[in-house]
Protein chains: 2
Amino acid sequence: MRADAATVDVLIIGSGLLGASLGLALTEQGSSVALRDASPTALRLAVDLGAGRMGRDDDNPRLVVVATPPDVAAAVVVEALATYREAVVTDVASVKSVIAEEVRRCGVSLARYVGSHPMAGRERSGALAAEIDLFRARPWVVAPIPESSREACEMVRELALNVGAFPVELEAGEHDAAVARVSHVPQLVSSLVAARLVDMPSVGLGLAGQGLRDVTRIAHSDPRLWASIVAGNSREIASVMREFADDVTRLARALEKSEGDPLAPGLTGEITRVLVRGNEGVARIPGKHGGAPGRYSEIVVLVPDTPGSLGRLFSDFGEAGINIEDFRMEHSAGAALGLARIDVAPAIAGEATHHLMKLGWEIIDGLK
Amino acid sequence: MRADAATVDVLIIGSGLLGASLGLALTEQGSSVALRDASPTALRLAVDLGAGRMGRDDDNPRLVVVATPPDVAAAVVVEALATYREAVVTDVASVKSVIAEEVRRCGVSLARYVGSHPMAGRERSGALAAEIDLFRARPWVVAPIPESSREACEMVRELALNVGAFPVELEAGEHDAAVARVSHVPQLVSSLVAARLVDMPSVGLGLAGQGLRDVTRIAHSDPRLWASIVAGNSREIASVMREFADDVTRLARALEKSEGDPLAPGLTGEITRVLVRGNEGVARIPGKHGGAPGRYSEIVVLVPDTPGSLGRLFSDFGEAGINIEDFRMEHSAGAALGLARIDVAPAIAGEATHHLMKLGWEIIDGLK
C-alpha cells in the first residue's frame, strides 16, 4: 500500500502559480501528482487547492517538473537528476540557456534532462492565483540540451499536450532571444512607462485612457520573480534593450532639437518613422486565436447597464447559433450603458448584425 | 425656410473620427448639427452616417467645433472666429499650448475662443470608425486662454455634458504636461516596442502572449495623425522622453555590464528598482470605473466554447439580479472552453459565486 502510493506519475517541485496550476491540470486529467516546496505553508496551500498530494521521501516519479524561481531552478534540476534515478527531469523557468549551462556543468545522466517553458502566466503569482487551464492553447517551449534523449523530449511534449498546451521545440538560445523581445523587454518597458506616473499630479492621471492602461497592465507584475527572470536572460535582454535605448535616445534628441516648433525640419519624419515601424511590428503578432490579426469580424453592440441585459444579448446569439469567438466589454461608471465588442467569424458577421438589429439591439458597428 | 434652416446649434469643421462621433452624439440628443470638411468625400460620408447636414455659407451657429488634425486646428479656429461673429469657437485637438499661442497671435475677439480636448479616441481614424458614444463617461478637458469669457467656457462644458463626457478644466500647459505622460509617450514607446518585432524570426513571435499584445495594441495607431499630435507637443514630450531614455540607458548599461552573469553585483538591485517603480506608478492609475484600482471583485468562470453558453451564464447573473460591472473573456482557438472574468461589487461577490456554483458553473476563482 505504502510502496504503491509512492509510485506517482509526476513530481512537481515548487508549488507557486505554475506548479500549482500544473498540478491542478494534471490531477484533473487523471495523473497522480506529488508536490514539494521549500515553504511548508506554500506546499500545504497547493495541496489544499487540489494540486496534488504531499511529496514523500519514497516517491518514485516518472517525471519531475521543477517549477521553482529561475534563480534556483538549475540547482534543483541537478539535485532531482541525482535523487530520482529513473525520472525524466524538466524545468519550466522563463530562461533556458543559463539553466542549461549550469545543469550541463554539474549534472549527471543529462540524457534525462530537457528544459521547457510554458508560455503562460499572470500578473499575480503564488498558488492562490493558480488556474486549472493556465496552459490551455498556449505554446509550451521544449528546449532540449545536446545530451537530451528523444524519449525525454517525448515525455515533456506529452506533458504539454496533457494540459492542453501545444509544444514548440526550440534551442535554448533561440528561446531566450525570442522571449527577450516578446516578453522580457516589453515587461521592463511597461514598468518604465508606469514609473513616469509616480510623481505626476493626480488631476493629470484622471486623463488616463485605455491606451495607458494596456501599455502598463503588466507593470503590476511581481518584482522579485521578474528580477530573477531578467537577470537570468540578461545577455539577450541587454542587446534588445540597447537597440531600444538607441531608438528612444534618437527620438528624444529629435524632440529636444525642435525646441517646441511643430514644423522643425526632420521632426515629423523622425516621429513618423517610429510610428510606421510600430505598425509593421505589431502587424506581425499572430492573432489571439493563433491566426492572422483581424481573423474575426467585430460587432459592437450598445448594452444597457442593467442586470440581465448582457444575458439577453448572449441568449440572442446562442439562439441564433452564432458562436462568440471573443468578447470585450467597455464601459465606465456614470454611463447608463456599455459597449459590447464581439468577435464572430467574418462569414456570419453580416447575418449576425442583421439578426441582432431585428431583435432591437443598437449596433454601433452598423454605422461602419 | 432657407434662413430658418441656416440657424444651427453646432457647426463641426472636420468630419473624421472625433467630428463624426460628436455629430452623431449631438444629433441623437436633439441638437442641429452642420458639418464642413476640406474633403468633399469625407464630408459626404459623415453626412450619410447621420452625423449632421452639409454646412452652408449662410450657417449661423452658436458653437463652432474645430475637429481638424492638430497641425491646422489653430488656423481653422482663427478663421472661424472671423467668419462666425457670434459663435463660440473651440477645438478638440490633443495639444493645447501650441494652438493657444497661435490663436492668440492671430485671432480676433479671443473672448469667444476656448480650447478643449475630449479624452476619447480609437486606434482607427476617420468617420468610418465613428461611435455615437465615443465621449460617454470620458474626461473632456476644457482649456480656456486668459481672454476666454466665462460664457464661452460654460458653452464648451455644456457641449461635453451633452455628449455624456465629464468636463475637466485645465490650463493648456498643465494639459500638455499630463497628456505627454499618460498618452503621447506611452504611444511612442508602444510603437518602439513593436518595432523590435519587425526583424525577428516568426517562430519567436509564436511565443507572444497577452502581455505583448497589451503593450503594443496602440502601436496600430495612425502615423499621420500621431505625428502631428507628437510634433505639436514636442516640448513636453521631449522632457518625459529624456527621463525615459535615461532610465532605459541606465538599465541597458547594467544589463551589459553583467555580461550574462545573473548574480553580477548591482544587477538584481537595478532591475528590481525598475519593477518596483513600475508597481508604484501603475497603482496610481484610476480604475476603469474612475474609482481606485481593484474596486470590484473578480469572479472567474469556466465557459464551454459553444453557442449559448455565455448566454446561459449571463442569464443566470441577470435572474439573480447581479449586475456585471465589467467583463473580460479569455480563450484561444483549440480550447474547448474559455475563461469569463467578471467584475461584480465586492459586497455581492461571495453570494454571486455561491449562486453560480449551485447552478453548476465551474468557478476557477473558487480555488483562490
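Naming convention: chains lettered A, B, ... in sequence-line order (proteins, then strands); numbering from 1 in each chain. For clarity, every value in this text was computed on a predicted model and none was experimentally measured.
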What do the steps show when you test Met200(A) against Val182(B) for side chain to side chain contact (heavy atoms under 4.5 Å, CB included), and what is the final call?
CA-CA 10 Å; Met200(A) 75 179 287; Val182(B) 304; 3.8 Å; yes
Does the pair Phe244(A) and Val189(B) meet the rule for a side chain to side chain contact (heavy atoms under 4.5 Å, CB included), with working shown?
CA-CA 9 Å; Phe244(A) 184 78; Val189(B) 169; 4.1 Å; yes
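Leu207(A) approaches Pro139(B) most closely through the heavy-atom pair CD2-CB, 4.1 Å. Residue Thr268(B) comes nearest to Ala227(A) through the heavy atom pair CG2-CB, 4.2 Å, listed as atom of the first residue, atom of the second, then distance. Closest non-hydrogen pair, Ala231(A) versus Ile271(B), comes out as N-CD1, 3.8 Å. Between Leu255(B) and Ser234(A), the closest heavy-atom pair is CD2-CB, 3.8 Å. The two residues Ala178(A) and Gly204(B) have their closest heavy-atom pair at CB-CA, 3.6 Å. The two residues Leu275(A) and Trp226(B) have their closest heavy-atom pair at CD1-CB, 3.6 Å.
Within the 4.5 angstrom heavy-atom criterion, atoms from both the backbone and the side chain of Ser202(A) approach chain B. When heavy atoms are compared at a cutoff of 4.5 Å, Thr249(B) approaches chain A by way of both its backbone and its side chain. Contact of Thr216(A) with chain B is made through backbone and side chain together, with heavy-atom distances under 4.5 Å. With a 4.5 angstrom heavy-atom cutoff, Arg253(B) touches chain A via backbone and side-chain atoms both. With a 4.5 Å cut-off on non-hydrogen atoms, Leu263(A) does not touch chain B at all. Using a 4.5 Å cut-off between heavy atoms, Val98(A) contacts chain B through its side chain alone, with no backbone atom that close. With a 4.5 Å cut-off on non-hydrogen atoms, Val95(A) does not touch chain B at all. Using a 4.5 Å cut-off between heavy atoms, Leu170(A) touches chain B through its side chain atoms alone. Heavy-atom distances place the backbone of Pro201(A), and not its side chain, under 4.5 Å from chain B. In this structure, chain B has a heavy atom under 4.5 Å from the side chain of Met119(A), while its backbone stays farther away. Asn233(A) does not touch chain B: none of its heavy atoms, backbone or side chain, sits under 4.5 Å away. In this structure, chain B has a heavy atom under 4.5 Å from the side chain of Leu267(A), while its backbone stays farther away.
A salt bridge does not link Arg213(A) to Asp214(B): none of the charged nitrogens lies less than 4.0 Å from a carboxylate oxygen. The pair Glu256(A)-Arg242(B) meets the salt-bridge criterion, since a charged nitrogen lies less than 4.0 angstrom from a carboxylate oxygen.
Options Ala245(A), Ala252(A), Ala219(A) differ in how many heavy-atom pairs under 4.5 Å they form with chain B, and the most are formed by Ala219(A). Ranked by heavy-atom pairs shorter than 4.5 Å toward chain A, the options Val274(B), Asp199(B), Val198(B) are led by Val198(B). Between chain A and the options Arg235(B), Glu236(B), His175(B), the largest number of non-hydrogen pairs under 4.5 Å is found for Arg235(B). In terms of non-hydrogen atom pairs under 4.5 Å with chain B, the most contact-rich of Leu313(A), Leu192(A), Val276(A) is Leu192(A). Considering only heavy-atom pairs separated by less than 4.5 Å from chain A, the leading option among Lys257(B), His117(B), Glu259(B) is Glu259(B). Ranked by heavy-atom pairs under 4.5 Å with chain B, the list Leu188(A), Val185(A), Asp316(A) is led by Leu188(A). Most heavy-atom pairs under 4.5 Å with chain B, from the set Val240(A), Val203(A), Asp247(A), Val179(A): that is Asp247(A).
At a threshold of 4.5 Å between non-hydrogen side-chain atoms, the residues Val282(B) and Leu197(A) do not count as touching. Thr272(B) has its side chain out of reach of Arg224(A): every pair of non-hydrogen atoms, C-beta onward, lies at least 4.5 Å apart. No side-chain heavy atom of Arg181(A) sits less than 4.5 Å from a side-chain heavy atom of Leu212(B). The shortest side-chain heavy-atom distance between Met241(B) and Val248(A) falls under the 4.5 Å cut-off.
The backbone N or O of Leu205(A) sits nowhere less than 3.5 Å from a side-chain atom of Arg284(B) that would complete a donor-acceptor pair. Using a distance-only test at 3.5 Å, with no hydrogens or angles considered, no donor-acceptor pair links the side chain of Arg277(B) to the main chain of Ala194(A). One N or O on the side chain of Asn279(B) and one on the backbone of Ser221(A) form a donor-acceptor pair closer than 3.5 Å.
The structure places CG of Leu251(B) at 8.5 Å from CD1 of Ile237(A), a figure rounded to the nearest 0.5 Å.
By the neighbour-count criterion of 12 heavy atoms within 6.0 Å, atom CZ of Arg273(A) is densely surrounded, having more than that number from other residues, nucleotides or ligands.
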